[in-house]
Protein chains: 2
Amino acid sequence: MPQNRSMSPSPTPPSGPEGPALGLRERKKAKTKAEIQRQALRLFSEQGYAETSVEQIAAAAEVSPSTFFRYYPTKDDVVLADFMDARTMQLMIDAPADLRPLAALRHAVVQSMTSLSAEDLALESLRNQLIRTVPELRRGLIAEMTRPIGLLAHALEQRLGREPGDPDVRMYAAAAVGALLTVAEPGEEVAHAIPDVEAMMQRLDAAITRLERMLVLPEAERSTQ
Amino acid sequence: MPQNRSMSPSPTPPSGPEGPALGLRERKKAKTKAEIQRQALRLFSEQGYAETSVEQIAAAAEVSPSTFFRYYPTKDDVVLADFMDARTMQLMIDAPADLRPLAALRHAVVQSMTSLSAEDLALESLRNQLIRTVPELRRGLIAEMTRPIGLLAHALEQRLGREPGDPDVRMYAAAAVGALLTVAEPGEEVAHAIPDVEAMMQRLDAAITRLERMLVLPEAERSTQ
DNA sequence: CTAGAAAATAAGAGTAACCCTCAAAATCTC
DNA sequence: GAGATTTTGAGGGTTACTCTTATTTTCTAG
């Protein structure tokens, strides 16, 4: 297990493969934040989302409730944070140039997933299950839609050399995110004990295939200059 | 003013143009619900959304807080309720058969708007302004996306004779709603004192025109039967 | 018109997510 | 090691929302 989270704070920063030599303060913050999320996800899956109070989470993570709210402004955020984050979008920007937009998105998601440690992958899986099963969280995820739309639009602008703020790109991103988000529905195969990443990727593939048949980004208008 | 809301409960039901002869109980309920919304919107526009408590609204509408929550399960709902309701979707189903999907949607919205009394139109306008300006409400509207998606998908199935539950139709609806919802952005012309319906329709037209260029519903697959 | 069923309301106590402020503790800098 | 800065803890306050119970209002029969 090469991941060094949640254990002894080595006096000399270990700075793994990609650690840009954080100071002690930064490392502690990251550790606290991760620990809060770990405990929260554990409690949620054990006793349910609504049945777990922030106070309990804080106690389990050995911090005060106010500290909880400093790291996660809302209770939702402890599950929803970092969904479709800037890192993944950078992967999309850097994806092979010949990939169509949604193929590039898929590429980025795959890259992002495979870069996770086994431990983080398990957490990710848990997060996904919670989002799919707890209506409150599904709503929260959808409510946050505008953020991923902005990120996706930005990535598309970069990849395709479009004008910043191109309304076609923005609307394309909005349609895509809207269509893909609602795929994560509680649908049929709810009873899975551990919904693995395979299943998630299969759903994503199917959705992207379907979406590419109906959604096409128009060519850039020939600007006057 | 042919609208008979909020005044003397006529002993004999007046049953206006479309009143299906409600009993006294039903009429009173409708009146109470409308009055709560009226007062809520008034207070929100006067002192702000967050600054207005449910207790205040209940007091202004002369009901108890518990009654408020019986009619509107959340504070959001007093603004967001009935957005893209079943009535509008029926108008879409009944729209001229030669209209393309999004044109039919536009048709339904226009029909729905023009059927409103001046008073209701003013309320509608206020609602729109609130949704556009209060971030909390914008989030709430987006979070509710799955409901209008379902309604739109159903209407499309009816109009186009598609199989119930056709995944293409569903995804098309999701993409359309996602794209159109995020159009209602606080954008440029925020400073409008009274954002009239004209402006709203213009935005909708522009958005639909743009969307039709990039989103196309695939033909139904030839089923085996 | 009145008795009793059914529904709507009010009142009140309780929970929990957040917000704010202030003092104590930890970390950084020199 | 001293002082500036940041993070944390503690505690009090607000308010959306829930649940329970008693009272009032409307409906329905006879």
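Not measured: the values here are computed from a predicted model. Lettering follows sequence order; numbering is per chain, from 1.
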*Asks:* Going 5' to 3' along nucleotides 3-10 of chain C, which nucleotides have protein heavy atoms under 4.0 Å from the base (write B), which only from the sugar-phosphate (write S), and which from neither (write -)?
*Replies:* ---BSSBB
*Asks:* Test: ring-ring contact (aromatic ring centres under 6.0 Å, His included). Region: residues 33-66 of chain B. Which pairs qualify, not counting sequence neighbours?
*Replies:*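 Of all non-adjacent pairs touching residues 33-66 of chain B, those that pass ring-ring contact (aromatic ring centres under 6.0 Å, His included) are B/F44-B/Y49.
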*Asks:* If the condition is salt bridge (charged side-chain N to carboxylate O under 4.0 Å, His left out), which residues does A/R87 pass it with, not counting sequence neighbours?
*Replies:*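 Scan of A/R87 (salt bridge (charged side-chain N to carboxylate O under 4.0 Å, His left out), adjacent residues dropped) gives A/D85.
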*Asks:* Taking side chain to side chain donor-acceptor pair (under 3.5 Å) as the definition, give me every residue that meets it alongside A/S66, ordered by chain and number, with sequence neighbours left out.
*Replies:*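 Side chain to side chain donor-acceptor pair (under 3.5 Å) list for A/S66, sorted by chain: A/S64.
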*Asks:* Check salt bridge (charged side-chain N to carboxylate O under 4.0 Å, His left out) between A/D76 and all other residues, then give those that pass, not counting sequence neighbours.
*Replies:*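 In terms of salt bridge (charged side-chain N to carboxylate O under 4.0 Å, His left out), with neighbours along the sequence ignored, A/D76 is linked to no residue.
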*Asks:* Looking at residues at least two apart in the chain, or sitting in another chain, which of them share a side chain to side chain contact (heavy atoms under 4.5 Å, CB included) with A/A95?
*Replies:*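 Here the qualifying residues are A/L99, A/A104, A/H107, A/R159.
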*Asks:* Residues two or more places apart in sequence or in another chain: which of them pass salt bridge (charged side-chain N to carboxylate O under 4.0 Å, His left out) with A/R139?
*Replies:*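 By the salt bridge (charged side-chain N to carboxylate O under 4.0 Å, His left out) rule, A/R139 matches no residue at all.
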*Asks:* Anything under 4.0 Å to a heavy atom of chain B counts; send over the first and last such nucleotide of DNA chain D, read 5' to 3'.
*Replies:*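 Nucleotide range in contact with chain B: D/dA16 to D/dC27.
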*Asks:* When the distance from CZ of B/F69 to P of C/dG12 is rounded to whole Å, what number comes out?
*Replies:*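 Taking atom P of C/dG12 as the reference, CZ of B/F69 is at 17 Å.
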*Asks:* Establish, from distance only, whether the side-chain atoms of B/Q202 and B/E198 form a donor-acceptor pair under 3.5 Å.
*Replies:*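 Their side chains do not contain a donor-acceptor pair, so the 3.5 Å distance test is not met.
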*Asks:* Under the salt bridge (charged side-chain N to carboxylate O under 4.0 Å, His left out) rule, collect the residues that match up with A/D82, sequence neighbours excluded.
*Replies:*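 Here no residue qualifies.
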*Asks:* Under the salt bridge (charged side-chain N to carboxylate O under 4.0 Å, His left out) definition, can you give me all pairs with a residue in residues 57-74 of chain A, not counting sequence neighbours?
*Replies:*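 For residues 57-74 of chain A: none.
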*Asks:* Listed in order of residue number, which residues of residues 45-59 of chain A have a non-hydrogen atom at under 4.0 Å from DNA chain D?
*Replies:*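 Close to the strand, none.
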*Asks:* Mind jotting down which residue pairs meet the salt bridge (charged side-chain N to carboxylate O under 4.0 Å, His left out) criterion with at least one end in residues 43-56 of chain B? Sequence neighbours excluded, please.
*Replies:*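 Pairs touching residues 43-56 of chain B that pass the test: B/R42-B/E46.
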